[in-house]
Amino acid sequence: MGALEQTDPEMVKLIRQEQRYQLETLRLIPSENYTSAAVMEAQGSVLTNKYSEGYPGKRYYEGQRYIDKLETVVQERAKALFHMEHANVQPYSGSPANMAVYYALLEPGDTIMGMALPHGGHLTHGWNVSFSARFYRAVQYSVDPKTHLIDYDQLRDLARSERPKIIVAGATAYPRQFDFQAFGDIAREVGAYFMADISHIAGLVVAGAHPDPAPHADVITTTTHKTLRGPRGAMILCRAELADRIDRAVFPALQGGPHNHTTAAIGVALAEAATPAFRDYGQQVVRNAKALAAELLERGFTLISGGTDTHLILIDLTNKGVIAKKAARALDRAGIVCNYNTIPYDPRKPFSPSGIRIGTPSVTSRGMGEEEMRRIGALFSTALDNVEDEEALQRIAAEVREMAEAYPAPGITDRMAVGA
Ligand SMILES: *Cc1c(COP(=O)(O)O)cnc(C)c1O
């Protein structure tokens, strides 16, 4: 970071501190990951200097000879990897991507049906503080109170009575697989579009570690920075006949110029995701989550749905006698970074709920396997037995640091010298 060092030492210091933090801790936030050095190089390139409103071959600016080629390459990679006919790789992030889909396919006041936020759904799936419940009529489905699984019979009944124009599958805190075929069948029966928001699980889908929505979905949205291990960004994939409406919703309806540096970095991530090594990665993420879940169950933790078959585990802390918010803070002091989260039918308030959400994408990117997950489960449990004991938490943090440093963090250990 020679140039930055000269220009802005204050910023360098903060970036270095964050870098060290990402290196020395066990990052269990399931939506986070490490991108490769290659992804960061593309993102930190001269492409950030360009304006290119429009799409390849249909720009409002001259000087697009290389950008047109670049964006076309990324579109082709996206279509091939996700088995869809059309790809828009310009959305700035996941939330704007979802907004663009609604803008393209719905009129204000039309009905959206998505999973309620406290049951695992995302804000943009019709939760009341989001634009998606303000501009549209939101109907929310929930999980079964006993099994914590999506109840597809309830889903069908709700769809029949509410007649949504779009049904959304996808979540930020659902530890089990989605039955995309069931969603697709229900959507077709009631004449709704079916949108699969695979932001959390895109990397698993690519790796064959989660069923593929492509045969069933009209539209797929995904962020590119979670299990997919790309830069912060998003994509919309859809059937050919929706392509024009989707493209016009992204630009000019909702966005201006695309972030070409991000587009290029998404392309790099897609190339990485098309390799056999990435397939192994996605499979290992799920094996690791299962191993971590098994360890936690043995240690008396209550897991929502009883376990996981994805990258994500949602823990109900009620029986442990620790407030989740307090637990998450203690874990952070012990070098284990995660977040507090609502659980289905949570008796507590969203700002201090009953759950802790963890996941294995980041630690798996560092090359950790099931044995390390067992160890993480033990450290996690010990930290929660000692939430008031700062010395004990510091001892765990030292052990965590030693463990973390034995596993190279992509994009950090292969790119920059880690300073003070
Ligand atoms: C992360 C996520 C989003 C939003 O992505 P942002 O980039 O944070 O706007 C949308 N939907 C789901 C299911 C997500 O997990």
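All ligand and atom numbering here is 1-based and tracks the order in the structure. If you're wondering where the values come from, they're calculated on a predicted model, not measured in any experiment.
In this structure, Ala171 counts as a contact residue of ligand 1, since one of its heavy atoms falls inside 4.0 Å of the ligand. Under the 4.0 angstrom criterion for non-hydrogen atoms, Arg232 is not in contact with ligand 1.
There is no protein heavy atom less than 4.0 angstrom from atom 8 (O) of ligand 1.
Among residue pairs with one or both ends in residues 74-96, those qualifying as ring-ring contact (aromatic ring centres under 6.0 Å, His included) are Tyr92-His259; sequence neighbours excluded.
Between atom OG of residue Ser305 and atom CD1 of residue Ile313 there is a gap of 10.0 Å, rounded to the nearest 0.5 Å.
By the 4.0 Å N-to-carboxylate-O rule, Arg160 lies close enough to Glu189 to be salt-bridged with it. A salt bridge between Arg299 and Glu295 is present, with a side-chain N of the basic residue lying under 4.0 Å from a carboxylate O of the acidic one.
At a 3.5 angstrom cut-off on N or O pairs, Lys226 counts as close to ligand 1. Of the polar atoms of Thr124, none of the N or O atoms is found under 3.5 Å from an N or O of ligand 1, judged by distance alone. The shortest N or O to N or O distance between Gly94 and ligand 1 is below 3.5 Å. Distances between N or O atoms of Thr172 and those of ligand 1 include no value under 3.5 Å.
Taking a 6.0 Å sphere around OH of Tyr61, one finds it holds more than 12 heavy atoms contributed by other residues, nucleotides or ligands.
The distance from ligand 1 to the heavy atoms of His225 drops below 4.0 Å at these ligand atoms: 7 (O). The atoms of ligand 1 that sit less than 4.0 Å from any heavy atom of Asp197 are 10 (C), 11 (N), 12 (C), 13 (C). Of all atoms in ligand 1, numbered sequentially from 1 with element shown, those under 4.0 Å from a heavy atom of Thr223 are 5 (O), 7 (O). Atoms of ligand 1 found under 4.0 Å from any heavy atom of Ser95, numbered from 1 in the order shown, are 4 (C), 5 (O), 6 (P), 9 (O).
In this structure the side chain of Pro96 reaches within 4.5 angstrom of the side chain of Gln255, judged on heavy atoms.
Taking the six-membered ring for Trp and the full ring otherwise, the centers of Phe180 and His210 sit less than 6.0 Å from each other.
In terms of protein heavy-atom proximity, atom 3 (C) of ligand 1 is nearest to His122 NE2, 3.3 Å.
Without hydrogens or angle criteria, Arg77 side chain to Gly267 main chain gives a donor-acceptor distance under 3.5 Å.
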